[in-house]
Amino acid sequence: MSSELFAAIDLGTTNVKLALFNENGEKVFAYQQRCVQSVRDDIHEINPEKWWRTIVQSFHKIDEQFKSKISAICVTGQGPTVVFVSKSGNTVTNAVTWLDRRGIEKLREITSQGIDEQTALSLARLMFFKDLIQEQVFLLQPSDYIIFKLTSELVNATFPKRGYLPWYREDLEKFNLDKKFLMPTLVPTGQIISKISKISAKILGLSPETAIVAGAPDFAMALIGTGTLQDGYLCDRGGT
């Protein structure tokens with residue numbers, strides 16, 4: 001029997017969680033640590049480097065006999081939360097979380113053009129930040145940002161269906177946001193993105209052969225994890 005282990009990272013609104021599973025789906029290690037966002041009135045944001053530092057600390061909690069067996073890592077997380085990353089690979093602001101209310105005054109204007117409310121909320125935030133950010137930036141979600149830290153690859157990891165991303169190229173074009181906000185390549189859930197970068201492997205104490213696998217937003221991964229994949233099953237995705 002193979003002794004491979006698979007790591008799962010979940011970037012929650014309050015906690016960052018790390019777990020290891022064997023090939024039978026049995027959990028052999030779990031650890032979580034608070035990583036609280038900054039809240040001021042309608043502003044809800046967090047420095048995305050806090051997620052990365054917390055993940056590094058979490059991997060250092062794993063016993064070496066387990067760590068040496070990790071063959072793949074998959075990341076999921078909260079959303080719709082946006083991380084603005086420049087072409088040079090740097091974040092240009094704090095991550096703006098799904099609870100942020102900036103730009104909300106644009107919501108009715110957006111929904112009046114046939115955009116669903118959840119997508120409209122994300123577009124409203126982008127409209128607020130359009131003139132504040134001075135350069136072109138890529139739009140990442142929290143799990144995408146950690147994938148970037150693990151691989152140096154800029155991707156949107158999700159299901160290739162409308163409803164799983166908080167923004168879409170045609171919507172960005174409709175509201176003249178496409179020149180400022182760029183969308184990385186979409187990588188479908190379950191696809192191997194690349195091996196972990198040498199520097200991240202060294203930081204986390206992992207094999208440089210470790211595969212990084214595309215996840216999806218937490219609400220979708222919850223359905224997969226609970227087996228809620230056909231009619232007749234129900235999953236409460238309430239988070240809290």
Side-chain angles (χ1 to χ4, degrees), residues 7-18 31-40 42-60 73-103 121-122 125-126 128-130 132-158 164-167 180-187 193-194 196-197 199-204 206 212-221 239:
I9 298 169
D10 177 26
L11 303 168
T13 305
T14 305
N15 296 301
V16 171
K17 287 146 281 190
L18 170 66
Y31 179 79
Q32 69 177 27
Q33 186 172 324
R34 288 178 67 83
C35 195
V36 182
Q37 60 186 290
S38 171
V39 179
R40 304 187 308 279
D42 286 341
I43 299 173
H44 294 253
E45 58 186 25
I46 185 170
N47 182 344
E49 278 298 306
K50 289 179 68 175
W51 292 325
W52 176 243
R53 289 195 298 268
T54 303
I55 287 169
V56 172
Q57 292 166 8
S58 298
F59 269 90
H60 289 171
I73 302 172
C74 189
V75 192
T76 184
Q78 56 164 295
T81 290
V82 60
V83 186
F84 300 106
V85 175
S86 70
K87 289 184 174 181
S88 60
N90 299 311
T91 55
V92 299
T93 68
N94 283 336
V96 182
T97 82
W98 60 277
L99 291 165
D100 198 279
R101 303 289 288 176
R102 283 172 288 182
L121 281 168
S122 296
R125 293 189 195 103
L126 296 182
F128 178 88
F129 279 93
K130 179 182 178 182
L132 297 179
I133 296 175
Q134 300 303 311
E135 59 186 300
Q136 286 186 316
V137 289
F138 289 98
L139 301 177
L140 304 184
Q141 294 207 75
S143 55
D144 301 324
Y145 179 72
I146 297 305
I147 289 171
F148 174 61
K149 296 293 286 188
L150 291 168
T151 66
S152 299
E153 299 281 345
L154 287 166
V155 301
N156 286 147
T158 190
Y164 293 99
L165 267 176
W167 43 71
K180 177 64 64 70
F181 302 115
L182 309 175
M183 292 186 61
T185 301
L186 190 149
V187 179
I193 297 165
S194 74
I196 193 171
S197 68
I199 187 170
S200 290
K202 184 175 182 180
I203 290 170
L204 299 180
L206 300 175
I212 308 302
V213 181
D218 56 2
F219 71 89
M221 297 296 270

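Computed from a prediction, not measured in an experiment: that's the story for all the values here.
Considering CG of L165 and CG of L186, their distance stands at 6.0 Å, rounded to 0.5 Å. Note that CG of L121 is 11.0 Å distant from CG of L126, once rounded to the nearest 0.5 Å. The distance from atom OG1 of T76 to atom CD1 of I146, rounded to the nearest 0.5 Å, is 12.0 Å. For the atom pair CZ of F59 and CG of L206, the computed distance is 5.5 Å after rounding to the nearest 0.5 Å. Between the CD1 atom of I193 and the CD1 atom of I147 there is a distance of 3.5 Å, given to the nearest 0.5 Å. Expressed to the nearest 0.5 Å, how far NE2 of H44 lies from CG of N94 amounts to 13.5 Å.
For N15, the side chain to side chain contact (heavy atoms under 4.5 Å, CB included) partners at least two apart in sequence or on another chain are K17, Q32, R34. Remark: Q57 pairs with Q33 by the side-chain hydrogen bond (donor to acceptor under 3.5 Å, both in side chains) rule, at least two apart or across chains. Remark: T97 pairs with Q37 by the side-chain hydrogen bond (donor to acceptor under 3.5 Å, both in side chains) rule, at least two apart or across chains. A search for salt bridge (Lys or Arg N to Asp or Glu O under 4.0 Å) contacts involving K149 returns E49, not counting sequence neighbours. Considering only residues two or more places apart in sequence or on other chains, Y164 meets the ring pair (Phe, Tyr, Trp, His ring centres under 6.0 Å) condition with F159, F219. For P48, the side chain to side chain contact (heavy atoms under 4.5 Å, CB included) partners at least two apart in sequence or on another chain are W51, V83, T91, A95, Y145. Applying the side-chain hydrogen bond (donor to acceptor under 3.5 Å, both in side chains) test to W98 and every residue at least two apart in sequence or in another chain returns T13. Not counting sequence neighbours, D218 has no partner by the salt bridge (Lys or Arg N to Asp or Glu O under 4.0 Å) test. For T185, the side chain to side chain contact (heavy atoms under 4.5 Å, CB included) criterion is met by no residue, not counting sequence neighbours. With sequence neighbours excluded, the residues forming a side chain to side chain contact (heavy atoms under 4.5 Å, CB included) with S197 are I199, S200, listed by chain and number. Residues passing the salt bridge (Lys or Arg N to Asp or Glu O under 4.0 Å) test with R40, sequence neighbours excluded: E45.
For the pair D144/F138, no side-chain contact is recorded, criterion being any heavy-atom separation below 4.5 Å from C-beta on. Residues L140 and P184 meet the side-chain proximity criterion, which asks for heavy atoms closer than 4.5 Å. Using a 4.5 Å cut-off on side-chain heavy atoms (C-beta onward), C35 and I46 make contact. M221 places a side-chain heavy atom less than 4.5 Å from the side chain of C74. Considering only heavy atoms from C-beta on, L11 stays 4.5 Å or farther from T54 through its side chain.
Screening T81, V75, T158 for a side chain to side chain contact (heavy atoms under 4.5 Å, CB included) with S143, the sole residue that qualifies is V75.
Residues N90 and S88 bring a donor and an acceptor atom of their side chains to less than 3.5 Å of each other.
The two atoms that bring N156 and L139 nearest to each other are ND2-O, 3.1 Å, heavy atoms only. Nearest approach of Q78 to G12, heavy atoms of both residues: NE2-O, 3.2 Å. Residue P166 comes nearest to Q141 through the heavy atom pair CD-NE2, 3.3 Å, listed as atom of the first residue, atom of the second, then distance.
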Go through the steps for W167 and V82 under the test side chain to side chain contact (heavy atoms under 4.5 Å, CB included), then give the verdict.
CA-CA 10 Å; W167 43 71; V82 60; 3.8 Å; yes
Taking it one step at a time, do W52 and V16 satisfy side chain to side chain contact (heavy atoms under 4.5 Å, CB included)?
CA-CA 10 Å; W52 176 243; V16 171; over 6 Å; no
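Residue pairs that meet the salt bridge (Lys or Arg N to Asp or Glu O under 4.0 Å) test with at least one member in residues 73-100, sequence neighbours left out, are D100-R102.
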